[in-house]
S.K.: 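Structure incoming, see below.
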Protein chains: 2
Amino acid sequence: MRLASIEGLGGLTIGRLAREVDISKSGVFAHFRSKERLQQETVEAARRVFEREVLEPGLAAPEGVARVASLCEAYLSYIERGVFPGGCFFAHLLGEFDARTGPIHDEVAALQRGWVGLLEELITTAQERGELDPEVDSGQLAFELYAPLELANFLTTLYRDPATLERGREAVRASLAGAMAPEGGSSRAGPASADS
Amino acid sequence: MRLASIEGLGGLTIGRLAREVDISKSGVFAHFRSKERLQQETVEAARRVFEREVLEPGLAAPEGVARVASLCEAYLSYIERGVFPGGCFFAHLLGEFDARTGPIHDEVAALQRGWVGLLEELITTAQERGELDPEVDSGQLAFELYAPLELANFLTTLYRDPATLERGREAVRASLAGAMAPEGGSSRAGPASADS
DNA sequence: GTCTAGATAGCACGATCGTTCTATCTTCGT
DNA sequence: ACGAAGATAGAACGATCGTGCTATCTAGAC
């Protein structure tokens, strides 16, 4: 995972991995029985890390807008902590396989849909609780929250400077602030109370 | 360029390129005298395409907020038109080399700084003309405009569905609308006229 | 007409790739 | 004690990689 997060899945070679962990090529090869399986299992392992390091802490916040903000912050923190030395493993995957065809492309697409879908779902819940403006398009807001996370990851990794993460934090804050429900009360608002 | 925009610069191999254009490996090799030069010249050629397809039309709009919006739209249009079959060449480069070291990483970092710097510069000009709120951080706004462009590129390429581009367009619209100068007049406003 | 520069081809080299086959050696169940 | 299962090593294969060397062919300069 560490190797692939820097060099990409294509750079994760059986020989290279063998050299890295200092055993023979055959020793590595025997564990995964093809390069494709090595790639698949690496992606799967990274998925579990992402779950533990981002989804689990991010979803621990109380339901509603707090949970949306918490998930975004969990992602930024995961970049900041350097969980993978090459930045977000899946952002790397996205760049490497977005334009190709094959099972890995499809897997990446499914993972991306899941991530955006989760954001959208949390936003809808926050709208149903009256915390976020029900007029805003939840898919659009999910996109606008995801975008600064992704860019913050790339620029932080590229510049080797975590200062860009603050840009991401501020962008998330601004997008959420702009989507807050118009009335101040925290209890459930009536469905037809919005003007224009 | 077409090959590298899909497979990445690492997939742009002398042998592969020779097969693609149907001449011998030596025939390709003689033009560039090393793989590194092939990579450098490909990046340089893509930079010229980007200039012609994005910067030139984007900067044709009149100075001010119109030019900021125009540059963003020029980028989205460049994705939409499929100038490169694998989406934005430089977004691909960003994902491939952000975590590595070496001359290509440095080149990518310089190109990214130039792009963000251009956005920031146009924003500052729009602020000086009184069209954008001078209170907003121009670097922050540049980040918030760039982020949806980048994500729209990746998701459009990944899903093979240009519908995501509309998410990007809407996000750019919203960010610019949120940064418009508070007073309605188009002429230069006094420096101390803003009420917090 | 001759000469030179450039484009292309063909071949060979050492390195690395994924993969297979055949040992060893350890570990553990019975 | 024995045997099965798994981890590792080593050698070899064909393919591809980047690169060098040596032709051949063509286009233009003089």
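All figures in this text were calculated on a predicted structure; none of them were measured in a lab. Note on naming: letters A, B, ... go to the chains in the order of the sequence lines (proteins, then strands), and numbering restarts at 1 for each one.
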S.K.: Mind checking whether B/W115 and B/Y75 have parallel, tilted or perpendicular rings, split at 30° and 60°?
M.R.: tilted

S.K.: Under 4.0 Å between a side-chain N/O of B/R33 and OP1 or OP2 of C/dA7, yes or no?
M.R.: no

S.K.: Centroid separation under 6.0 Å, is that true for the rings of A/Y146 and A/F143?
M.R.: no

S.K.: Whole angstroms only, please: what is the CG-C1' distance between A/L12 and C/dG18?
M.R.: 13 Å

S.K.: With B/V108, which of B/L111, B/I104, B/D106 fulfils side-chain contact (heavy atoms from CB on, under 4.5 Å)?
M.R.: B/I104

S.K.: If you assign A/K25 and A/H31 each to the DNA chain D nucleotide with the nearest heavy atom, which residue ends up on the more 5' nucleotide?
M.R.: A/H31

S.K.: Between B/R16 (CZ) and D/dG18 (P), how many Å, whole number?
M.R.: 12 Å

S.K.: For the side chain of A/R19, starting at C-beta, report the closest nucleotide among C/dT8, C/dT19, C/dC17.
M.R.: C/dC17

S.K.: If you look at every strand shown and take non-hydrogen atoms under 4.0 Å, does B/T13 touch a base, only sugar-phosphate, or nothing?
M.R.: sugar-phosphate

S.K.: For B/L9 and D/dC17, what is the distance between atoms CG and C1' respectively, to the nearest whole Å?
M.R.: 16 Å

S.K.: Report which part of the nucleic acid A/R37 touches: base, sugar-phosphate, or nothing (heavy-atom distance under 4.0 Å, all strands).
M.R.: nothing

S.K.: Rounded to the nearest angstrom, tell me the gap between atom CD1 in B/I14 and atom P in D/dG18.
M.R.: 5 Å

S.K.: Over how many whole Å does the gap from B/Q39 atom CD to D/dG18 atom C1' extend?
M.R.: 12 Å

S.K.: Quick check with a 6.0 Å cut-off and a 45 degree axis cone: is B/R100 positioned over the face of B/F97's six-membered ring?
M.R.: yes

S.K.: CG of B/L17 versus P of D/dC17: gap in Å, rounded?
M.R.: 11 Å

S.K.: Looking only at the side chain of B/I23 (C-beta and beyond, no hydrogens), which of the listed nucleotides C/dT19, D/dT8, C/dA9 gets closest?
M.R.: C/dA9

S.K.: Can you tell me if B/R37 and B/H31 form a side-chain donor-acceptor pair at under 3.5 Å?
M.R.: no

S.K.: Compare the minimum distances between each of C/dT19, C/dT20, D/dT19 and the side chain of A/S26, then state the nucleotide with the smallest one.
M.R.: C/dT20

S.K.: With no angle test and no hydrogens, is the base of C/dG10 tied to the side chain of B/S24 by a donor-acceptor pair under 3.5 Å?
M.R.: no

